Structure formats: C-alpha cells, structure tokens
Amino acid sequence: MTGTGEVVAAGVPGARGADGLPRHGVDRATFRAIAGARGGPEAVRLLRAGQLSKRALLLLALRRSVPEHDGYREAYARVRALQRDDRDGWEEVLLRPELDAWAADCLRGAAAGEAAPLDGLGEFLRSGPGPSLVLECDGLRWTPSIDQAGPRRVDYGRPPAGPLAGGELARWERRLAEAWEILVRRHRRHARALAACVATVVPLRPAPGGEVVSAAARRAYGAVAASLPDDPVLLALALVHEFLHVQLGALMDLVPLHRPNGPAVYHAPWRADPRPAGALLQGAYAHLGVADFWRAEAEAAAGAGSGAGAGVSGAAPGPGVGSGATPGSGAGEVARAARAHAEFARWRTHTLAAGQTLLSCGELTPDGLEFTRELVRAVGELGEPGGVNPGE
C-alpha cells in the first residue's frame, strides 16, 4: 500500500515496477474509507481496475500454459482485439463474474495435466450477461442483470433457483425495484457504491427450512446471490452485506490483510462454529454494513413514527413486524423501529467483539491491523444503541 501522501491509482500509466509491469496501489485515505465501508464509487473504480488486470493476467497465463490449443488461441486473440478496439466490450467480457473461477480452474487443470474446459473463453465471448433491469430512483440508477439460467460454474454454497418461470422472474424484478428504492432513500451511500460494483444478481433457493439466504463468492467479483424474501428491506440488507464481501475480496487481491489461514480458529459471535482469521475478517466487515444498515432503518422508522401514521420517505413499506399492524400505520412503524433498533444493537455488539478478536489474534498483516482498527472505529462511530429511540 502506498504512503499517506502518495497516490498511485490503479491502472495509471507510469505506476510501474522494476519489471515494467503496471502496479496497482491503494492510497491510504481510500484504504481507510474502504475499511469503514465508506469508499463509495471512487474506491469501486480502483478495485475494478485491479480485477481487470488480475483477469487479464489469468488469461495470459492460460495462453502460455496451453499454446497448442487452437480454440483457446483464437478466442484469446479475439479478447486482445477487443482490448484494442472496444474497451467497453473487453471490460464486459473480463468482468463476467464466472470468468475468474473458470480461468483459475483451467490453470490448475493444465498444471496437473488434466483436461480443462478451454472452450469456455469462446462461450464468454459469444454470450452476454443477459438483459439488464433499469432501476432508477431519485437520480440514482442501477442496471443489474438477473442471472437465472440455472446451474453455473460459481458455487455460492446454495443451489441456484433458476431457470425462473416468467412469474417468478417478474417477482424478482419487482422486489429488486423495491429494494433499490429503500437503498437510495435510506442508505444512499451504500446504494451509490453497490450500483458501481454489482452487475449481476443470482437467485438462490432458500434454506431447507425456508429461511432467506444470501452469498458472495470470492472469485465472482460483481455478483451477489440471494433467495427472494417477502420483505424488500431484507433484500436491500442482503445486497449491502454481500456487496461488502465482494469489495473486501477485491481489496485483498491488492493488499494482503492476513497471513494464510492456518489451523487456528476463533469465535465468531454470529456462528456456532469457530472461524479462521480470514473468514472472521470477512464476517466482521460485512456485519459493519449490517449494523450501519439497521441503524439507518431505526432512524428512518423512528422519524416516520413521529408523524401521524406517516410513511417512510416515500419508499415501499415492508410488512408490519410482530404486532400484525398495518404497514405504514403508527403501530407498524413502532414495531419496525423496534426490530431495527434490536438488530442494530445486536450487530454492533457482534462486530465490535469480532474486531477485538482480530486485533489480538496475531494473524493480521500490518495493513490488516490498520484496516481492522479503522473497521472497529467505524462501528464505534455508529453510536450507542440507546441513541436510537424506537417509536420516539
């Protein structure tokens, strides 16, 4: 990472090492902003440039590993032509979420002398991500595609829900539009960053008991996966949570934050099973966003409840919670504020505890220690749970 006063933006010509290859750096102010989940679109652009370079290098390494494969050689030449003649098209192909995992698997297979699906690069060139939704609210636009074609190369830990029937796809489109309104009107900072990064939403099946699930894959930059909740607030929350996982993964491609995971594991307040340091850091970072989300929800609900049955900033209201109250009613807003306040208190406490565990575990790099100290500071700046009064 670069020093306090030095700015080396990713991909800038002239930022090169002794071997002549471009170098990606993160200036300290941006690094700290990312650690506090406040990097915004500017940080996303920097991390996105790092992902482009990473994937270009993977494709080059694969080209050198299988020089005799005619199909891959031809597809690689087309990628290089895109880079030269159609930069937007080249970026779209390289940033397909699945390309990273596919290229890495092919490299491993080639090194082991195994057959690898090298024709996959041609498939990426032939097929686009599918039609995008155009979600716009209060001047902010998000254009995600819904990847609902069925089983994919990326494992999100849960089976995909696709292919979706027309009615189910329409439900996804409506719920995403509702979640986007909530994000823009109550979590605008997160909405701006998410729109700059997340290009693909992957529908998942819910857990066997029907519980809502969400996930991000370490080698699937730009994609989040989730099952479809009835409450758009929960979908908005899942988008923020998983976006932060994606963002941290992209940062760690540029700046190592912890040593390779060894046998040591640590208590994660939100799980029954202990986790290695890297997984605990991922969880703590995503739950900083969860705590921040619920604090804003508590404030919005408390503000709405102060009026006579006022709605919430014009956003589509979620269902009443606990009391069976009508959404948008005074009782409903009190119940919604109480839920948000309780969730904020819970996730603030959990995230602070995980942060302290990380700071004392001895497995973080110097940059990882700085990152985690900033994360803990950001949680503290959210305020005490008592500072948000439900139903006030």
Side-chain angles (χ1 to χ4, degrees), residues 1-6 8 10 17 23-39 43 46-47 50-51 54 100 104 108 155 157 215-221 240-293 344-385:
M1 189 173 65
T2 60
T4 304
E6 183 184 1
V8 183
R23 290 293 187 264
H24 292 275
V26 184
D27 66 273
R28 199 163 295 276
T30 301
F31 180 79
R32 289 174 175 164
I34 293 171
R38 295 176 181 274
L46 187 152
L47 298 175
Q51 290 298 300
K54 171 189 174 183
D100 187 343
R108 281 191 291 268
D155 181 7
R218 181 68 175 82
R219 302 199 75 117
Y221 177 83
V240 170
H241 179 133
E242 303 306 339
F243 156 69
L244 289 175
H245 278 307
V246 171
Q247 177 161 268
L248 181 54
L251 177 67
M252 290 197 294
D253 281 341
L254 299 178
V255 184
L257 300 181
H258 60 86
R259 300 202 306 265
N261 287 327
V265 290
Y266 305 91
H267 172 62
W270 49 84
R271 296 178 65 114
D273 55 324
R275 307 292 284 159
L280 186 61
L281 179 59
Q282 275 280 358
Y285 184 61
H287 288 124
L288 162 61
V290 171
D292 187 28
F293 181 94
F344 167 55
R346 173 190 178 196
W347 291 110
R348 181 184 186 277
T349 299
H350 285 349
T351 308
L352 283 173
Q356 294 301 330
T357 298
L358 287 162
L359 289 174
S360 62
C361 75
E363 297 199 45
L364 302 183
T365 65
D367 289 330
L369 285 168
E370 180 178 356
F371 183 94
T372 305
R373 283 194 291 267
E374 188 64 24
L375 189 162
V376 170
R377 189 188 66 78
V379 179
E381 284 189 345
L382 296 177
E384 295 291 337

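Note that the coordinates shown come from a computational prediction; the quantities given were computed from them, not determined experimentally.
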Query - Positive for side chain to side chain contact (heavy atoms under 4.5 Å, CB included) with Leu47, one of Thr30, Ile34, Val246 - result: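 Running side chain to side chain contact (heavy atoms under 4.5 Å, CB included) over Thr30, Ile34, Val246 with Leu47 returns exactly one hit, Ile34.
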**Report entry** Val379, Leu288, Asp292 screened by side chain to side chain contact (heavy atoms under 4.5 Å, CB included) with Arg348, the one that passes
**Finding:**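 Single side chain to side chain contact (heavy atoms under 4.5 Å, CB included) partner of Arg348 among Val379, Leu288, Asp292: Val379.
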Verify, without hydrogens or angle tests, whether [X] (side chain) and [Y] (backbone) share a donor-acceptor contact under 3.5 angstrom.
| X | Y | answer |
| --- | --- | --- |
| Arg38 | Ala378 | no |
| Asn261 | Gly278 | yes |
| Thr372 | Gly355 | no |

Requested in this report: Show your working on side chain to side chain contact (heavy atoms under 4.5 Å, CB included) between Phe31 and Asp367 and close with a plain yes or no.
Outcome: CA-CA 9 Å; Phe31 180 79; Asp367 289 330; 4.2 Å; yes
Query - Arg218 bridged to Asp253 by N-O distance under 4.0 Å - result: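 Between Asp253 and Arg218 there is a salt bridge, with a charged N closer than 4.0 Å to a carboxylate O.
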Say you draw a straight line from [atom1] of [X] to [atom2] of [Y]; how long is it, rounded to the nearest 0.5 Å?
| X | Y | atom1 | atom2 | value |
| --- | --- | --- | --- | --- |
| Leu364 | Arg373 | CG | CZ | 9.5 Å |
| Gln51 | Tyr221 | CD | OH | 6.5 Å |
| Leu352 | His350 | CG | NE2 | 11.5 Å |
| Gln282 | Leu257 | CD | CG | 9.5 Å |
| Cys361 | Gln356 | SG | CD | 11.5 Å |

Taking the side chain as every heavy atom from C-beta outward, state whether [X] and [Y] have any pair of such atoms under 4.5 Å apart.
| X | Y | answer |
| --- | --- | --- |
| Leu244 | Val290 | no |
| Tyr285 | Leu375 | yes |
| Tyr266 | Pro274 | no |
| Met252 | Gln247 | no |
| Leu359 | Val376 | yes |
| Phe371 | Leu281 | yes |
| Arg32 | Glu370 | yes |
| Val265 | Asp273 | no |

Query raised in the report: Less than 6.0 Å separating the ring centroids of Phe344 and Phe293?
Result: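 Aromatic pair excluded; centres sit 6.0 Å or further apart.
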Query raised in the report: What residues form a side-chain hydrogen bond (donor to acceptor under 3.5 Å, both in side chains) with Arg275, not counting sequence neighbours?
Result: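 If we apply the side-chain hydrogen bond (donor to acceptor under 3.5 Å, both in side chains) test to Arg275, skipping adjacent residues, there are no hits.
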Query raised in the report: What class does the angle between the rings of His245 and His241 fall in, given that below 30° is parallel, 30 to 60° is tilted and above 60° is perpendicular?
Result: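 If you compare the ring of His245 with that of His241, the planes turn out tilted.
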Nearest heavy atoms of [X] and [Y], plus distance in Å:
| X | Y | answer |
| --- | --- | --- |
| Ala264 | Glu363 | CB-OE2, 3.4 Å |
| Asp100 | Lys54 | OD2-NZ, 2.7 Å |
| Thr351 | Ala284 | CG2-O, 3.3 Å |

Requested in this report: Walk me through it: do Glu374 and Arg377 pass the test salt bridge (Lys or Arg N to Asp or Glu O under 4.0 Å)?
Outcome: CA-CA 5 Å; Glu374 188 64 24; Arg377 189 188 66 78; 2.3 Å; yes
